[in-house]
Amino acid sequence: MAGPGQLDREPEVGPLADGALVEAALDWFADHERDLPWRRTRDGWSILVSELMLQQTQVARVLVRWPEFLEQFPTPARCAQASPAEVIGAWAGLGYNRRAINLHRAASVIVEDHDGRVPDDLGDLLSLPGIGPYTARAVRVFAFCRDDGVVDTNVARILARTANARLSARTAQQLADAAVPPGEGWRWNQLLFDVGATLCRPRDPKCPACPFRSGCGWYRSGRPDPDPATGSAGVSGRQSRFDGSDRQGRGRLVAALGRGPVAPDDLAVVMGWPDDGLRARRVAATLVDDGLVECSVDGYRLPG
DNA sequence: CATACGTGGAT
DNA sequence: TATCCACGTAT
């Protein structure tokens, strides 16, 4: 069935699924593995919390916050028993506060539907609030030693560059899964994270030091523009400005509520829009919708 | 499929 | 000082 269209088809098995390349990469990892504390546990809850934090926060800050959170909420049951306000408080400063609420809700589902243990079934994990394709597979691989491919933005970039193609989400996941050496899911995915973080950077990638260079389609063709990672599935693009955004006001309100309730008359000032009470109430309503904030005639507070 | 979502660091 | 960047999920 050879035809003109075949060359345009996305690959089903990429260059990473190659024995020699796998060996080179595992050797590289043995010498360059980052020493991160969550790599020393296989506890499902600890892994789940670390992955949720690492979605949005730099490693340096998670290093401090992860053990603190787990000390306060060492199990799904202890998290589910706490009030949303306590979990939001423990999340303070990490950003994307909706995820604190989702974590609290996920803990409740884990207690009620899974006997208090983080499930290892992909569908069960995906059905938990705040857990999508990345986190579900990360938990399966890093807590339960499954052989899934874990596609974050770094892995998505590696996949696109080695395949020298812009990939769809489906193809990226397929390539990632196909590349996992059987029985080596944990090591393989951790090493891809480290290659992405230290070598296969968005700009100025360190190709000469990369264990994948001999099989990398983009490198072998001379790294032409455009970078195939640009616009490939799972690779982050540009973002809107934060200063003056609704997000900024949401963050200010949640931070203030962590210190105590806010009266209706203070809302606009707290959110940073002293001359726009309408906007303040509108944006505060989105936080109420998210379950992050409660509102009454007395004012605003975190949900007890 | 494009956009909203937070905070801090890098340039 | 201003701008850009990271990070996956929900919708």
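All values below were derived from every heavy atom in this structure, side-chain atoms included, with hydrogens, water molecules and symmetry-related copies excluded. Given the structure is predicted, the values throughout are model-derived calculations rather than measurements. Naming convention: chains lettered A, B, ... in sequence-line order (proteins, then strands); numbering from 1 in each chain.
Between the A:Asp120 side chain and the A:Arg140 main chain, no donor and acceptor come within less than 3.5 Å of each other. Here the side chain of A:Asp152 pairs no donor or acceptor atom with the backbone of A:Phe193 at under 3.5 angstrom. Using modelled atom types, one side-chain atom of A:Thr286 and one backbone atom of A:Val283 make a donor-acceptor pair closer than 3.5 Å. In terms of modelled atom types and a separation under 3.5 Å, the side chain of A:Arg213 and the main chain of A:Cys210 share a donor-acceptor contact. No donor-acceptor pair closer than 3.5 Å links the side chain of A:Arg170 to the backbone N or O of A:Leu167. Side-chain atoms of A:Asp115 do not come within 3.5 Å of backbone N or O of A:Arg117 as any donor-acceptor pair.
Checked by atom type, the side-chain pair A:Asn102/A:Arg99 shows no donor-acceptor distance below 3.5 Å.
Here A:Arg146 does not pair with A:Asp148 in a salt bridge; the nearest charged N to carboxylate O distance is not below 4.0 Å. A salt bridge links A:Lys206 to A:Asp204: one of the charged nitrogens lies within less than 4.0 Å of a carboxylate oxygen.
Atom name C1', nucleotides B:dC5 and C:dA2: the rounded distance is 22 Å, in whole Å. B:dG6 and C:dT11: their P atoms are spaced 14 Å apart (whole Å). The separation of C:dC7 from B:dA10, taken at their P atoms, amounts to 13 Å, rounded to a whole angstrom.
Take A:Tyr300 and apply the ring-ring contact (aromatic ring centres under 6.0 Å, His included) test, not counting sequence neighbours, and it matches no residue. Contacts of A:Arg281 classified as salt bridge (Lys or Arg N to Asp or Glu O under 4.0 Å), with partners at least two apart in sequence or in another chain: none. In this view, A:Asp290 and A:Arg98, A:Arg250 satisfy the salt bridge (Lys or Arg N to Asp or Glu O under 4.0 Å) rule, not counting sequence neighbours. Legend: residues meeting salt bridge (Lys or Arg N to Asp or Glu O under 4.0 Å) with A:Asp227, ordered by chain and number and at least two apart, are A:Arg161. Applying the salt bridge (Lys or Arg N to Asp or Glu O under 4.0 Å) test to A:Arg65 and every residue at least two apart in sequence or in another chain returns A:Glu68.
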Let me have a per-nucleotide readout for nucleotides 4-11 of chain C, 5' to 3', with B, S or -, counting only protein heavy atoms under 4.0 Å.
-> -BBBBSS-
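Within the 4.0 angstrom heavy-atom criterion, only backbone atoms of the sugar-phosphate kind lie near A:Asp246; the bases stay farther away.
Between A:Met53 atom CE and B:dT7 atom P there is a gap of 14 Å when expressed in whole angstrom units. Here the C1' atom of nucleotide B:dG8 and the CG atom of A:Leu94 are 11 Å apart, to the nearest Å. One can place CG of A:Asp290 at 13 Å from C1' of B:dG6, the figure rounded to the nearest angstrom. The CG-C1' distance, from A:Leu103 to B:dG6, rounds to 17 Å in whole Å.
Near-neighbour residues of DNA chain C inside residues 185-196 of chain A, defined by a heavy atom below 4.0 Å, are absent. The stretch residues 252-264 of chain A has no heavy atom under 4.0 Å from DNA chain B, so no residue of it qualifies as close. Across residues 274-284 of chain A, not one residue has a non-hydrogen atom less than 4.0 Å from an atom of DNA chain C.
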If you write DNA chain B from 5' to 3' in dot-bracket form, with Watson-Crick or G-U pairs under 3.5 Å, [ ] for crossing pairs and | for pairs with another strand, what do you get?
-> .||||.|||||
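Through side-chain heavy atoms spaced under 4.5 Å, either directly or across other Ile, Leu, Val, Met, Phe, Trp or Tyr residues, A:Leu122 is tied to A:Leu126.
For residues 207-260 of chain A, the set of pairs meeting the ring-ring contact (aromatic ring centres under 6.0 Å, His included) definition, not counting sequence neighbours, comprises A:Trp188-A:Phe212.
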